[in-house]
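Quick notes on the structure that follows.
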Amino acid sequence: NHEDALNACPEGWRLPSEEDWLSLGKELGSEGEKFGLIKDVASKLMVDVYFNGMQMWEYWPEVGSITNESKFSAVPAGYMNLGEEVDGAYPEANSYGVYEYAAFWTADSVEGDEAMAYYRYVVDNQPDLFITKGDKKNFGASVRCVRDVENSFNIDDDWEESPNLQ
């Protein structure tokens with residue numbers, strides 16, 4: 001849920017805001033609008049990965065070749081409908097969209113509706129990074145953590161040698 005996502009990041013790290021997602025889109029060559037579509041970045045976020053011998057992201061001409069140019073390595077883990085919490089667990093939880101969607105919470109609540117928060121997602125057959133709202137208590141999405149650093153990181157830098165990544 002969103003509360004757990006807000007608390008999932010280690011010290012010095014945080015859940016990304018909408019501004020962080022827009023910065024990522026800009027770094028990848030797409031000027032998105034706040035709480036709007038970020039065009040033509042999906043293939044740059046997706047990683048070509050296999051699970052039990054099955055390719056997780058199916059090839060779609062609309063998306064093009066998966067490059068993971070961003071080194072974000074989005075995996076289509078889907079999303080969850082958690083249902084009601086019972087003693088710290090979600091016995092009625094159901095997952096959806098595995099092999100089709102990669103959904104990630106943002107730190108942003110929906111203005112005027114504190115029960116909802118935004119999440120960003122990519123879909124296997126669409127070239128864009130989408131945004132929508134999810135119920136803070138009953139929706140489950142993946143978490144990516146970011147941290148603010150004084151030295152910027154260029155996505156062309158060598159991952160292994162960057163002092164800004166752990």
Side-chain angles (χ1 to χ4, degrees), residues 1-10 13-25 28 30 32-146:
N1 65 30
H2 193 251
E3 182 180 345
D4 289 340
L6 287 169
N7 295 311
C9 298
W13 295 73
R14 61 181 171 73
L15 202 60
S17 67
E18 175 62 2
E19 285 77 19
D20 294 315
W21 286 101
L22 291 173
S23 292
L24 176 60
L28 296 173
S30 183
E33 293 185 25
K34 191 169 184 178
F35 304 118
L37 199 65
I38 300 176
K39 291 184 166 282
D40 299 318
V41 297
S43 67
K44 298 172 185 178
L45 299 171
M46 298 169 165
V47 64
D48 191 16
V49 65
Y50 290 77
F51 180 71
N52 288 336
M54 184 175 172
Q55 187 173 23
M56 293 193 76
W57 288 114
E58 184 179 341
Y59 174 78
W60 288 88
E62 296 85 352
V63 175
S65 296
I66 294 171
T67 66
N68 195 28
E69 177 184 319
S70 64
K71 297 181 176 72
F72 186 86
S73 300
V75 173
Y79 57 92
M80 300 284 295
N81 178 351
L82 299 172
E84 295 300 318
E85 183 178 1
V86 178
D87 298 324
Y90 296 93
E92 303 293 321
N94 290 300
S95 62
Y96 301 93
V98 176
Y99 295 102
E100 297 173 30
Y101 292 87
F104 303 94
W105 282 117
T106 75
D108 300 286
S109 293
V110 175
E111 192 174 325
D113 189 353
E114 287 303 310
M116 304 291 278
Y118 289 101
Y119 66 93
R120 286 273 179 189
Y121 66 98
V122 291
V123 185
D124 64 349
N125 63 356
Q126 299 293 318
D128 306 318
L129 178 62
F130 297 90
I131 190 166
T132 194
K133 310 173 231 187
D135 184 280
K136 287 181 176 181
K137 290 185 179 183
N138 296 317
F139 185 81
S142 297
V143 170
R144 284 298 172 97
C145 300
V146 297

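Keep in mind the model is a prediction, meaning the values are calculated, not measured.
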Crowding at CD, E92 (>12 non-hydrogen neighbours, <6.0 Å) =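 Counting other residues, nucleotides and ligands, CD of E92 stays at 12 neighbours or fewer.
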
For F51, does the CZ atom sit with more than 12 other heavy atoms under 6.0 Å from it, leaving out its own atoms?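 No, not enclosed.
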
Next item on the list: Report the C-alpha separation of F130 and L37 in whole Å, then their side-chain angles, then the decisive distance to 0.1 Å, and conclude whether the side chain to side chain contact (heavy atoms under 4.5 Å, CB included) test is met.
Entry: CA-CA 5 Å; F130 297 90; L37 199 65; 3.4 Å; yes

message: Could you go through V63 and V122, starting from their C-alpha distance and side-chain angles, then the distance that decides it, and tell me whether this counts as side chain to side chain contact (heavy atoms under 4.5 Å, CB included)?
response: CA-CA 10 Å; V63 175; V122 291; over 6 Å; no

To the nearest 0.5 Å, how far apart are [atom1] in [X] and [atom2] in [Y]?
X: Y59; Y: I66; atom1: OH; atom2: CD1; answer: 9.5 Å
X: S65; Y: M46; atom1: OG; atom2: CE; answer: 11.5 Å
X: M56; Y: D124; atom1: CE; atom2: CG; answer: 11.5 Å

* Give the ring-plane orientation class for F104 versus F72, where under 30° counts as parallel, over 60° as perpendicular and anything between as tilted. =>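 Correct class here is perpendicular.
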
Between E84 and N138, does the side chain to side chain contact (heavy atoms under 4.5 Å, CB included) criterion hold? Intermediate values first, please. CA-CA 7 Å; E84 295 300 318; N138 296 317; 4.1 Å; yes

Let's go through I38 and L22 carefully: what are the C-alpha distance in whole Å and the side-chain angles of both, what is the deciding distance for side chain to side chain contact (heavy atoms under 4.5 Å, CB included) to 0.1 Å, and is it a yes or a no? CA-CA 7 Å; I38 300 176; L22 291 173; 4.0 Å; yes

Looking at [Y], is its backbone amide N or carbonyl O close enough to the side chain of [X] to form a donor-acceptor pair, meaning the two atoms are under 3.5 Å apart?
X: S30; Y: G32; result: no
X: K44; Y: L28; result: yes
X: D135; Y: M116; result: no
X: R120; Y: L129; result: yes
X: E18; Y: F35; result: yes
X: N68; Y: S73; result: yes

Query - Partners passing side-chain contact (heavy atoms from CB on, under 4.5 Å) against A107 (at least two apart in sequence or in another chain) - result: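 Applying side-chain contact (heavy atoms from CB on, under 4.5 Å) to A107 gives L6, L15.
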
| message | I'd like to check the side-chain contact (heavy atoms from CB on, under 4.5 Å) partners of S23; sequence neighbours left out, ordered by chain and number. | response |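 Residues passing side-chain contact (heavy atoms from CB on, under 4.5 Å) with S23: none at all.
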
Might you point out which heavy atoms bring [X] and [Y] nearest each other, and give the distance in Å?
X: G83; Y: Y90; answer: O-CD2, 3.8 Å
X: K133; Y: Y118; answer: CG-CE2, 3.9 Å
X: V143; Y: A5; answer: CG2-CB, 3.6 Å

Q | Pair listing, side chain to side chain donor-acceptor pair (under 3.5 Å) test, anchored in residues 99-116, at least two apart | A |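 Sorted result for residues 99-116: S109-K136.
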
Q: Decide if the gap between the ring center of Y121 and the ring center of Y79 is smaller than 6.0 angstrom.
A: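 Not close enough - the centres of the two rings lie 6.0 Å or further apart.
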
Q.
Between K34 and E19, does any side-chain N to carboxylate O distance fall below 4.0 Å?
A.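 Salt bridge: yes.
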
